[in-house]
Amino acid sequence: MTSPLPWPAPSPYTRRKTALVVGSGFGGLALGIRLQSLGFDTTILERLDGPGGRAYQKRTPDGYVFDMGPTVITVPHFIEELFALERDRAHLDDPDYPPEVLSGERVRGGVSGGPRTSEYVTLVPILPFYRIVFHDGTFFDYDGDPDSTRRQIAELAPQDLAGYERFHADAEAIFRRGFLELGYTHFGDVPTMLRVVPDLLKLDAVRTLFSFTSKYFQSDKMRQVFSFETLLVGGNPLNVPAIYAMIHFVEKTWGIHYALGGTGALVRGLVRKFGELGGTIRYGAGVEEIVVDGRLPGQRTARGVRLESGEELEADLVASNGDWANTYLKRVPARARLVNSDLRVRAARQSMGLLVVYFGFRGGDELPLKHHNILLGPRYEALLTEIFGKKVLGEDFSQYLHVPTLTDPDLAPAGHHAAYTLVPVPHNGSGIDWAVEGPRLADAALADIEARGLIPGLRGRLTHFEFVTPDYFEGTLDSYLGNAFGPEPQLVQSAFFRPHNRSEDVRNLYLVGAGAQPGAGTPSVMMSAKMTARLIAEDFGIHADIRR
């Protein structure tokens with residue numbers, strides 16, 4: 001009788017392979033689901049009291065619900081793919097991209113996400129994607145619609161209309177090569193990297209993103225509109241390679257979505273799916289050490305973990321969804337690390353830190369805001385240099401203001417709004433004393449929103465106020481130097497030069513999530529989980545259908 005599985009069904013007398021995943025962020029949950037579908041018995045170990053990691057959701061006694069981290073959801077078919085997986089039935093072939101990918105069309109209204117997704121969470125499209133508010137009070141509603149974009153460029157910077165057409169065409173070419181064709185490529189060796197270099201050079205995708213956009217746009221406003229998005233994945237537009245221009249087309253193709261109930265609702269849906277597949281999550285289970293057997297290179301093998309409680313757990317493989325730097329520096333013994341030595345890990349440039357203010361306020365009037373808002377300050381290039389290069393706090397700042405109750409009123413008490421505003425700041429390599437600067441900057445961020453007339457009388461309408469700084473990322477989330485997105489996605493820290501999903505030092509140790517390939521951002525983290533699952537399938541001789 002032919003087995004319905006993509007590889008021979010195990011004998012009932014054969015021990016199932018076991019896996020431990022450290023961290024229940026999007027990467028850990030997505031990998032856990034995939035490992036269950038590959039036939040592993042998987043346990044996710046979470047240090048916090050609930051799931052999500054950076055995507056943890058907080059409910060306050062006064063009736064507010066705050067997503068502590070990611071709020072932008074795109075490429076919903078990545079999520080659909082996870083919810084469609086079955087126990088012991090892996091689907092690791094490349095996704096069948098829907099027709100709108102090739103045609104450049106996308107759904108502009110209604111519920112989206114796919115039939116299986118809708119069983120777990122409701123995703124709704126958000127339009128515009130972002131309202132970008134300039135310091136002079138003008139704004140640009142970015143919705144990915146070329147006609148709308150052309151109309152607004154004609155109003156704000158008519159000299160850039162022709163440049164937009166060229167940018168649009170070149171960004172699409174980068175998207176097709178960099179995302180559709182190479183998106184799931186794991187750059188684990190030099191030859192794989194060298195094979196794509198000619199294409200990247202031909203597409204001019206290795207120069208910096210800001211330099212790339214400056215070729216097409218004369219206006220400072222348009223240069224900012226078409227380069228700011230990398231800040232949402234921890235990248236400095238002045239340093240990230242121009243391949244990130246594909247973000248424009250990723251959003252344009254599939255749109256921006258919101259999970260009703262907040263990002264936490266999507267996390268809960270993934271937790272439920274993982275449980276239905278037979279997976280287990282343990283909360284309050286911080287990992288002290290990844291236990292490694294063998295002393296000689298090539299023999300060192302992960303055999304389990306030691307928890308902070310002292311308990312030891314054994315498994316056939318360990319995968320870390322934790323911070324890349326601290327995974328190696330804190331949890332893998334130095335004697336077991338040659339490639340990922342302390343020197344190499346500490347020398348890597350980390351992404352910036354964040355100050356995030358979570359606040360609730362009384363409603364009443366119609367706000368000149370959208371669900372996602374980018375509030376740009378008076379400076380752009382100089383401010384980015386201060387944050388990423390000099391690592392100092394300037395006198396001004398930019399911020400991302402998220403007001404989900406404009407879409408989902410249930411996140412706040414009746415007649416109120418829940419919001420958060422995020423200010424990019426230097427990470428803790430700066431030496432900034434956040435006990436002093438945190439309260440000052442948090443108040444300044446709300447004062448700026450009020451002064452712009454975006455929420456009139458905001459501070460007099462506050463009913464809830466709290467904030468986190470890079471200290472929260474370093475302490476609670478165990479992020480090296482309090483970085484918010486892992487290694488900074490510069491050219492020399494991308495593709496082959498980004499941490500590998502299969503450890504070069506320890507067999508049966510894997511990485512997944514923002515710190516691994518391909519990088520940060522919800523869709524990239526979902527892709528990372530699939531990459532890592534493929535490597536595990538190869539290493540354990542699981543003959544799933546794995547197409548390159």
Side-chain angles (χ1 to χ4, degrees), residues 54-55 57-58 64-73 126-143 221 224-225 228-234 251 256-259 262-263 352-380 383-384 387 394 396-409 411-412 416-425 438 440-469 484:
R54 283 174 169 79
Q57 188 175 70
K58 181 172 185 176
Y64 291 98
V65 179
F66 296 107
D67 286 323
M68 299 290 285
T71 60
V72 177
I73 299 172
I126 298 296
L127 285 172
F129 303 158
Y130 314 98
R131 170 161 285 183
I132 303 163
V133 183
F134 301 106
H135 190 64
D136 63 5
T138 59
F139 62 85
F140 186 99
D141 281 344
Y142 176 46
D143 64 1
K221 289 181 177 179
Q224 294 170 29
V225 164
F228 82 89
E229 288 157 307
T230 59
L231 287 165
L232 301 179
V233 296
E251 294 177 340
I256 297 294
H257 296 77
Y258 169 76
T263 305
M352 79 284 198
L354 297 175
L355 177 136
V356 191
V357 185
Y358 306 91
F359 61 100
F361 62 97
R362 293 188 299 274
D365 55 334
E366 186 172 345
L367 302 175
L369 291 167
K370 300 297 182 182
H371 188 111
H372 301 293
N373 306 271
I374 308 297
L375 314 184
L376 294 170
R379 300 179 304 147
Y380 190 69
L383 179 61
L384 292 172
I387 294 170
D396 56 274
F397 48 84
S398 294
Q399 49 186 325
Y400 157 60
L401 174 60
H402 178 233
V403 193
T405 40
L406 294 174
T407 303
D408 191 359
L411 299 184
H416 292 69
H417 282 291
Y420 88 38
T421 192
L422 175 158
V423 180
V425 296
R440 181 194 66 78
L441 185 55
D443 183 69
L446 297 191
D448 179 55
I449 295 169
E450 186 174 340
R452 292 174 185 251
L454 300 175
I455 307 179
L458 170 59
R459 286 173 293 177
R461 297 161 60 180
L462 284 178
T463 55
H464 186 94
F465 172 83
E466 60 182 298
F467 65 89
V468 299
T469 69

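Just so you know, these numbers come straight off a predicted model, no measurement behind them.
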Q: Do Thr230 and Leu232 touch side chain to side chain, with heavy atoms closer than 4.5 Å?
A: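 No. Closest side-chain heavy atoms not under 4.5 Å.
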
Q: Decide whether Tyr130 and Asn373 meet the rule of one side-chain donor and one side-chain acceptor closer than 3.5 Å.
A: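 Side-chain D/A pair, Tyr130 to Asn373: absent.
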
Q: Would you call His416 and Tyr64 a side-chain contact if the rule is heavy atoms closer than 4.5 Å?
A: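 His416 reaches Tyr64 side chain to side chain.
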
Q: Does the pair Gln57 and Met68 meet the rule for a side chain to side chain contact (heavy atoms under 4.5 Å, CB included), with working shown?
A: CA-CA 6 Å; Gln57 188 175 70; Met68 299 290 285; over 6 Å; no

Q: Would a 4.5 Å heavy-atom cut-off, applied to side chains only, mark Val425 and Phe397 as touching?
A: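 Counting from C-beta outward, Val425 and Phe397 never come under 4.5 Å.
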
Q: With side chain to side chain contact (heavy atoms under 4.5 Å, CB included) as the criterion, how do Gln399 and Leu422 come out once you've worked through the C-alpha distance, each side chain's angles and the decisive distance to 0.1 Å?
A: CA-CA 5 Å; Gln399 49 186 325; Leu422 175 158; over 6 Å; no

Q: Any side-chain donor paired with an acceptor under 3.5 Å for Tyr380 and Ser398?
A: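 No.
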
Q: For a quick test of reading the model, state the closest non-hydrogen atom pair linking Ala445 to Thr421 and the distance between them.
A: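 Taking every non-hydrogen atom into account, CB-CG2, 4.2 Å.
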
Q: Answer yes or no for Arg131 and Phe139: cation-pi contact, defined as NZ/CZ to six-membered ring centre under 6.0 Å and angle to ring axis within 45°.
A: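 Yes; both conditions hold, so Arg131 lies above the ring face of Phe139.
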
Q: Do the charged groups of Lys370 and Asp143 touch, with an N to O distance under 4.0 Å?
A: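 Salt bridge flag = no for Asp143 with Lys370.
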
Q: Could you give the distance from CD (Glu251) to CZ (Phe129), rounded to the nearest 0.5 Å?
A: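 Here the rounded value is 6.5 Å.
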
Q: Which value, rounded to the nearest 0.5 Å, describes the distance between Leu355 atom CG and Leu441 atom CG?
A: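 Answer rounded to 0.5 Å: 5.0 Å.
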
Q: Can you tell me how far CG of Leu375 sits from NE2 of His135, rounded to the nearest 0.5 angstrom?
A: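 The distance works out to 11.5 Å.
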
Q: Can we call the ring centroids of Tyr358 and Tyr420 under 6.0 Å apart?
A: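 Between Tyr420 and Tyr358, which both carry aromatic rings, the centre distance is below 6.0 Å.
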
Q: With heavy-atom distances below 4.5 Å as the criterion, would you say the side chains of Leu369 and Leu401 are in contact?
A: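 When only atoms from C-beta onward are counted, Leu401 and Leu369 do touch, with a gap below 4.5 Å.
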
Q: Identify the heavy atoms of Ala418 and Ala412 that sit nearest to each other, and give their distance.
A: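 What the structure gives for the nearest pair is N-CB, 3.8 Å.
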
Q: Would you kindly say whether Tyr400 and His372 are connected by a side-chain donor-acceptor distance under 3.5 Å?
A: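 Judged by distance alone, the side chains do pair up.
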
Q: Can you tell if the side chain of Ile455 reaches within under 4.5 Å of the side chain of Phe361, non-hydrogen atoms only?
A: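 In short, these two side chains touch, coming nearer than 4.5 Å.
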
Q: Given Arg379 and Leu384, is the side chain to side chain contact (heavy atoms under 4.5 Å, CB included) satisfied, shown in steps?
A: CA-CA 9 Å; Arg379 300 179 304 147; Leu384 292 172; over 6 Å; no

Q: Identify the heavy atoms of Leu354 and Pro424 that sit nearest to each other, and give their distance.
A: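 Taking every non-hydrogen atom into account, CD2-CA, 4.0 Å.
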
Q: What's the spacing between His257 NE2 and Ile73 CD1 if we round to 0.5 Å?
A: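 Answer for the NE2-CD1 pair, His257 versus Ile73, is 9.0 Å.
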
Q: Just wondering, do Leu446 and Leu462 contact through their side chains at under 4.5 Å, heavy atoms?
A: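 Yes, their side chains come closer than 4.5 Å.
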
Q: Which pair of non-hydrogen atoms, one from Pro70 and one from Arg54, has the smallest distance, and what is that distance?
A: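 Heavy atoms only, the tightest pair is CD-O, 3.5 Å.
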
Q: Which atom pair, heavy atoms only, marks the closest approach of Leu406 to His371?
A: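 That would be CD1-N, 4.1 Å.
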
Q: If you measure from CD1 on Ile132 to OH on Tyr142, what distance do you get to the nearest 0.5 Å?
A: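 Atom-to-atom, Ile132:CD1 and Tyr142:OH are 8.0 Å apart.
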
Q: Distance check, rounded to the nearest 0.5 Å: Asp365 atom CG versus Arg362 atom CZ?
A: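 Those atoms lie 11.0 Å apart.
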
Q: For Asp67 and Lys58, what are the C-alpha separation, side-chain angles and deciding distance, and is it a salt bridge (Lys or Arg N to Asp or Glu O under 4.0 Å)?
A: CA-CA 6 Å; Asp67 286 323; Lys58 181 172 185 176; over 6 Å; no

Q: Examine distances only and state if a side-chain atom of Glu466 and a backbone atom of Phe359 form a donor-acceptor pair shorter than 3.5 Å.
A: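 It does not hold such a pair.
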
Q: Would you name the heavy atoms of Pro368 and Leu454 that are closest together and state the gap between them?
A: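 Nearest heavy atoms, Pro368 then Leu454: CD-O, 3.3 Å.
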
Q: Side chains of Thr71 and Tyr258: is there a donor and an acceptor less than 3.5 Å apart?
A: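 No - no donor-acceptor pair under 3.5 Å links their side chains.
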
Q: I would like to know whether Asp136 and Arg452 meet salt bridge (Lys or Arg N to Asp or Glu O under 4.0 Å); could you show each step before the answer?
A: CA-CA 9 Å; Asp136 63 5; Arg452 292 174 185 251; over 6 Å; no

